[in-house]
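The analysis underlying the following values was restricted to heavy atoms, covering all of them including side chains, and did not include hydrogens, waters or symmetry mates.
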Amino acid sequence: MAEVADDEIGAALTQLWGGCAPATWNRNRAAVASWLTWCTTKKRWVAPSVPSDVERRRETPDETKAVAKTTIHRLLSRRDVPLREKTLWRMLYETAARAAEILALNVEELDLEGRRAPIRSKGWAIEWVYWDTGTAHLLPQLPDGTQRTRGPLFLSERRPVPARQPAAADICPHTGRGRLGYDRARVLLDKYSGLDLHQLRHSAATHLGNAEIPLQLIMAKTRHKNPRTAMRYTRPGSEAIAAVTEHLAPPRRRH
């Protein structure tokens, strides 16, 4: 690394993430800078640094990420949406969990009576996520749901080909089908609704905030550790703002 110049680090960052969104650019830039700092301060290695002209980019917050509750319930009641997708989306919304966490669940991990399941969150901590009656009603209806006792909860449409054989833990021992992947789940939600998987989690947090649930409880639900991060997800949604606007209307006439 001693032979790598600062400008080469900047060029690599630009080539890899120069065309990404500002938040993605800032996140990856910070990760590279942190690792290079660790190399020089902790390991005492001669290492380059991120050049000063490769700056953080200004992030413009997207205030439209939260979807109205009526929109979500309308989506989850559509008859043209397959049961697997309907169950996954309902579970993501009610648990306010990350999509990767729910997709990693196995059948044997579900506590159907307690309406909860353990997931491995960021930092590999094991935490509980909880769902409500909507998910509880759909889970037993999943294809092969009553026959399967272990293996991935959400399965792909068909068995994997030999050339792309996943790990044994990602194959259902009853059906031979693989675990539903994040990319496929993302494409299907976009196909039916034009939404992103993370919007379900974001919307859940926003709806809890609109219901005046204390921030501490919202953080426990979403499992955010930093209040500032949680507050970014709990800004009042369009429905709450519209309701507040009604207080500015002129007084109604009385006859």
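- When every heavy atom of P51 is checked against every heavy atom of D7, the shortest pair comes out as CB-OD1, 4.3 Å.
- Taking all atoms of both residues into account, the shortest heavy-atom contact from V32 to W17 is CG2-CZ3, 4.2 Å.
- Atoms CZ and OG1, on R201 and T206 in that order, are 11.0 Å from each other to the nearest 0.5 Å.
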#### Entry: Derivation and outcome, side-chain contact (heavy atoms from CB on, under 4.5 Å), residues E101 and R223
CA-CA 12 Å; E101 297 169 342; R223 292 167 291 110; 2.7 Å; yes
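- Of all non-hydrogen atoms in A205 and T222, the two that sit nearest each other are CB-CG2, 4.0 Å.
- Taking 4.5 Å as the limit, every side-chain heavy atom of P48 sits out of range of all side-chain heavy atoms of E8.
- Of the possible donor and acceptor atoms, one in the side chain of N28 sits under 3.5 Å from a partner among the backbone N and O of T24.
- Between L13 and V50 the shortest side-chain heavy-atom distance falls below 4.5 Å.
- Of the possible donor and acceptor atoms, none in the side chain of S193 sits under 3.5 Å from a partner among the backbone N and O of D190.
- Between atom OH of residue Y192 and atom NZ of residue K86 there is a gap of 10.0 Å, rounded to the nearest 0.5 Å.
- Taking CZ of F154 as the reference point, atom CG of L88 lies at 4.5 Å (rounded to 0.5 Å).
- Within 6.0 Å of CZ in R159 there are 12 or fewer heavy atoms belonging to other residues, nucleotides or ligands.
- Summarising the local packing, CD of E108 is surrounded by more than 12 heavy atoms from other residues, nucleotides or ligands at distances under 6.0 Å.
- P166 has its side chain within reach of I171: a pair of non-hydrogen atoms, C-beta onward, lies under 4.5 Å apart.
- Although no hydrogens or angles enter the test, the distance criterion places a donor-acceptor pair under 3.5 Å between the side chain of S203 and the main chain of Q199.
- Atom CG of L76 and atom CH2 of W89 lie 8.0 Å apart (nearest 0.5 Å).
- Between R158 and R177, the closest heavy-atom pair is C-CG, 3.8 Å.
- Although no hydrogens or angles enter the test, the distance criterion places a donor-acceptor pair under 3.5 Å between the side chain of R84 and the main chain of L155.
- Side chain of K225 to main chain of M219: no donor-acceptor pair is present (N/O by atom type, distance under 3.5 Å, no hydrogens or angles).
- Counting heavy-atom neighbours within 6.0 Å of E212 CD, excluding the residue itself, gives a total of 12 or less.
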### Task
Verify side-chain contact (heavy atoms from CB on, under 4.5 Å) between I72 and R90, making sure each step is shown before the conclusion.
CA-CA 9 Å; I72 290 180; R90 171 68 71 178; 5.7 Å; no
### Query
When you look at R120 and E109, which way does the salt bridge (Lys or Arg N to Asp or Glu O under 4.0 Å) test go after all the steps?
CA-CA 12 Å; R120 194 172 293 277; E109 296 171 332; over 6 Å; no
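- Under the 3.5 Å distance criterion, the side-chain polar atoms of R179 are matched with a main-chain donor or acceptor of L105.
- Transitive grouping of hydrophobic side chains (ILVMFWY, heavy atoms separated by less than 4.5 Å) keeps V129 and I213 in distinct clusters.
- Counted within 6.0 Å of NE2 on H137, heavy atoms from surrounding residues, nucleotides or ligands total 12 or fewer; the atom is thus considered open.
- Put simply, V187 and L83 are part of two different groups of oily side chains (I, L, V, M, F, W, Y) that touch within less than 4.5 Å, one to the next.
- Counting heavy atoms from C-beta on, the side chains of T149 and H174 come closer than 4.5 Å.
- Under the 4.5 Å side-chain heavy-atom criterion for Ile, Leu, Val, Met, Phe, Trp and Tyr, L208 and M231 are members of distinct hydrophobic clusters.
- Between V54 and I9, every side-chain heavy-atom pair lies at or beyond the 4.5 Å cut-off.
- Using a 4.5 Å cut-off on side-chain heavy atoms (C-beta onward), R58 and P22 make no contact.
- Here the closest heavy-atom approach between residue A96 and residue A204 is recorded as CB-CB, 3.9 Å.
- The minimum heavy-atom distance linking Y182 with A99 is given by the pair CE1-CB, 3.6 Å.
- Once rounded to the nearest 0.5 Å, the distance linking CH2 of W35 with OG1 of T40 reads 10.5 Å.
- With hydrogens and angles ignored, the 3.5 Å screen pairs no side-chain donor or acceptor of D132 with any backbone N or O of G134.
- Comment: E157 engages R184 in a salt bridge, judged by a side-chain N to carboxylate O separation of less than 4.0 angstrom.
- Note: the hydrophobic cluster containing L112 does not contain Y130 (ILVMFWY, side chain heavy atoms under 4.5 Å, direct or indirect links).
- For H207, the side-chain hydrogen bond (donor to acceptor under 3.5 Å, both in side chains) partners two or more places apart in sequence, or in a different chain, are Y93.
- Atom CZ in R186 sits 13.5 Å away from atom CG in L195 (nearest 0.5 Å).
- Residue I102 is grouped with residue V107 when hydrophobic side chains (ILVMFWY) are merged at heavy-atom distances under 4.5 angstrom, including chains of intermediate members.
- Under the 3.5 Å distance criterion, the side-chain polar atoms of R78 are left unmatched by any main-chain donor or acceptor of P82.
- The one candidate from L142, L92, L153 that meets the side chain to side chain contact (heavy atoms under 4.5 Å, CB included) condition with T87 is L142.
- A cation-pi arrangement is found for R116 relative to W128, the charged atom lying closer than 6.0 Å to the ring centre and inside a 45° cone about the ring normal.
- Side-chain N or O atoms of R56 include none that pairs as donor or acceptor with a backbone N or O of R27 at under 3.5 Å.
- Residues N26 and R57 form a side-chain contact, since some pair of their non-hydrogen atoms from C-beta on lies under 4.5 Å apart.
- Listed for the S77 side chain is a donor-acceptor partner under 3.5 Å among the backbone atoms of H73.
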